[in-house]
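Below you'll find the structure, written out as structure tokens, and then a few comments.
A, B, ... follow the sequence lines: proteins, then strands. Residue 1 opens every chain. Side-chain atoms are counted along with the backbone in the values below, which use heavy atoms only and exclude waters and symmetry mates.
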Amino acid sequence: MDELLEILEDINPDVDYTKEKHLIDHKVLDSFSIVSLVSQISETFDIEIGPQYLVPENFNSAEAMWKMIQKLEEED
Amino acid sequence: MNNLLDAFEAAAEKYPDKTAAACRGEAFTFRKLKERSARLGQRIKEVMAEDSSASGITLSDLFDQFVPEPAAGSYDENHSAEVRKHSAAENAAPGRAVGVMAGRDAETILLFLAVLYSGNFYVAIDPDMPTGKLRKILEDAAPAIVLTSVRPSQAQSAPDSREEPQGDSREYEALSARLREAGFTGRILTEDDAAAVPTENPHLPASAPAYMIYTSGSTGTPKGVLKSHGAVLSFQEAYQNTFGLGAEEIIGNQTPFFFDASAKDIYLMATSGATLEVLPPELFVFPVTLIRYLNERHITYVCWVPTALAIVTQLGTFQEVIPETLKKVFFVGEVFPLKQLRKWQETLPDIEYVNLYGSTELAGVACWCRIGAKELAEETLPIGRPLSNCQVRLADEAGNTITGPDQTGEIRIAGPALAEGYYHDPEKTAQTFVIRSSGKSAGQTAEPGVRELRTGDLARFDHEGLLHFVSRSDDQIKLQGRRIELGEITAAADRLPEIRRCCALFNEKRKKITLFAELTPGCEEGPRDIIRKLKGMLSDYMVPGKVILLDQMPLNANGKIDRTRLKEMMPQS
């Protein structure tokens with residue numbers, strides 16, 4: 001989880017990622033940061049995030065992203 | 001047809017019940033759009049009449065501001081004088097600026113048309129811009145009215161009510177407070193203020209100003225670029241004829257309405273009877289949702305910035321969903337990364353891909369090129385040839401025409417689509433819009449005495465006579481006496497598979513070329529590896545002295561690389 005928080009803080013350090021649950025809805029993450037985020041998560045956790053996982057529900061909070069990462073790691 | 005409303009009314013008469021503009025379930029038919037914008041137009045006229053203190057501008061005011069004084073020997077004096085006389089005689093229409101907070105909804109289109117019905121011109125304003133910039137724009141344009149699609153609360157119309165403002169109304173109060181903070185003292189109107197009876201089409205002359213968009217100037221002060229009805233119509237006619245665009249198109253609009261590129265979409269709809277679907281911006285975060293949405297709404301045509309299209313292929317979207325109704329994919333505003341465009345073309349070879357080249361200083365675009373497998377095999381994409389309403393030539397520093405292949409020159413454009421100039425900035429206008437020298441130019445399209453836009457963009461002709469963009473002219477530097485195009489360094493680095501996006505800049509202080517780059521996911525090259533590879537591709541004196549790797553390239557609101565922010569990141573010591 002710490003590694004994920006580090007990636008997110010690099011994108012925007014002014015957000016409390018442990019509390020914010022609406023990263024997409026509140027426009028904290030936009031289309032350009034998603035491209036960077038997806039590539040960094042894939043690289044750091046050595047997983048492939050297929051297009052079917054690219055939905056707002058998986059990216060609205062750090063917790064949701066973490067769940068997705070764990071699921072993909074299990075599948076791997 | 002002389003003006004945009006004549007063309008719009010012709011479309012509305014032909015297709016009254018067709019959807020003109022739609023967004024998130026809100027939709028206007030052509031009939032509804034016409035009736036409601038004409039009624040709001042009437043209200044704008046009434047408020048303007050009450051407010052007699054604000055001074056209007058006339059076209060001769062504008063023209064006297066914008067036409068440079070002929071300098072002996074360098075401009076065609078007779079022509080310039082003639083243009084002035086002609087303009088003063090034709091001018092009868094007053095026009096004043098009306099601000100429109102350009103939200104991402106279908107109603108904003110209605111607000112734009114309402115301003116045109118009132119006989120004035122609109123200034124499209126980014127509702128989220130910083131207050132300082134908003135203040136500068138409001139001071140410069142001095143609108144007496146600002147229109148918004150955000151509604152005030154019921155509580156305001158019923159002063160006794162103690163209800164807390166909700167949703168939209170809270171947004172209205174925030175907007176109103178921000179406008180006041182930025183020094184706005186005029187009236188804020190919404191569509192609810194529309195008059196009961198619509199106004200008549202004012203049948204303005206082609207030269208009447210239609211709209212103004214502020215672009216960020218390099219000095220930090222926004223510049224207002226003003227376009228006439230005639231300029232926009234001239235572009236639409238040439239564009240629609242060239243690409244066979246018409247009422248059957250369903251346009252998927254990506255560009256925010258406070259960017260000039262959006263006017264292409266708006267007036268394609270308004271003058272041809274096509275349908276404009278305003279795509280909610282959150283769709284662009286997840287391309288699978290975006291492509292599904294395009295399919296649901298039966299989108300046939302898009303004209304987007306390359307970054308928005310590249311995200312689709314970068315995230316592997318086509319493994320999950322394929323665009324089914326899309327027939328035309330046009331792009332403009334920056335160079336499309338070839339790797340991503342190839343993926344589009346390989347997956348969807350039947351789509352018509354067109355690379356467009358334009359400038360904020362003209363309506364629409366000036367050059368175009370269809371891109372197929374042949375063009376994609378080259379190292380750079382051509383911007384092609386001029387649109388039928390534009391004359392385009394390349395000029396050297398002295399203004400002489402360049403015709404030979406592979407010689408670099410500045411793109412100069414003439415024709416009816418040129419903007420009127422920069423609002424309240426005659427000096428900058430005279431530098432950018434010049435009267436073509438009558439002297440030494442020798443090219444086939446270089447007749448003297450024509451008003452010409454200096455784009456500041458450098459290009460070359462290839463052996464087939466197609467134009468290729470090279471770089472911005474301010475990208476040209478001199479290092480140890482050698483002339484270097486920074487664009488050439490960027491293009492070379494861009495060809496490395498390890499690099500996803502990059503931009504070469506010159507560090508004036510250290511006299512060093514710096515390359516900012518974002519790596520392709522999974523690549524672990526360091527700055528030294530990149531420099532070593534570039535040494536094999538570029539002359540020694542062009543190899544960057546420093547490579548700075550970024551997790552993400554800074555982009556502006558329209559998805560282009562933000563060079564100002566990169567310059568701020570430049571090492572100073």
Heavy-atom pair of closest approach, residues B/Lys339 and B/Asp494: NZ-O, 3.6 Å
Apply ring-ring contact (aromatic ring centres under 6.0 Å, His included) to B/Phe284 and B/Trp304, showing your working. CA-CA 11 Å; B/Phe284 287 85; B/Trp304 294 353; 5.0 Å; yes
What do the steps show when you test B/Thr108 against B/Asp105 for side chain to side chain donor-acceptor pair (under 3.5 Å), and what is the final call? CA-CA 6 Å; B/Thr108 297; B/Asp105 47 47; 2.6 Å; yes
Residue [X] versus chain B: region with a heavy atom under 4.5 Å:
X: A/Glu43; value: side chain
X: A/Ile24; value: side chain
X: A/Val38; value: side chain

Please determine whether a side-chain nitrogen of the Lys or Arg among B/Glu107 and B/Arg151 lies less than 4.0 Å from a carboxylate oxygen of the Asp or Glu. yes
Is chain A contacted by the side chain of B/Glu282, its backbone, both, or neither, given a heavy-atom distance below 4.5 Å? neither
Please state whether the side chain, the backbone, both or neither of B/Leu315 comes within less than 4.5 Å of a heavy atom of chain A. both
Proximity of A/Phe59 and B/Phe286 rings by center, below 6.0 Å: yes
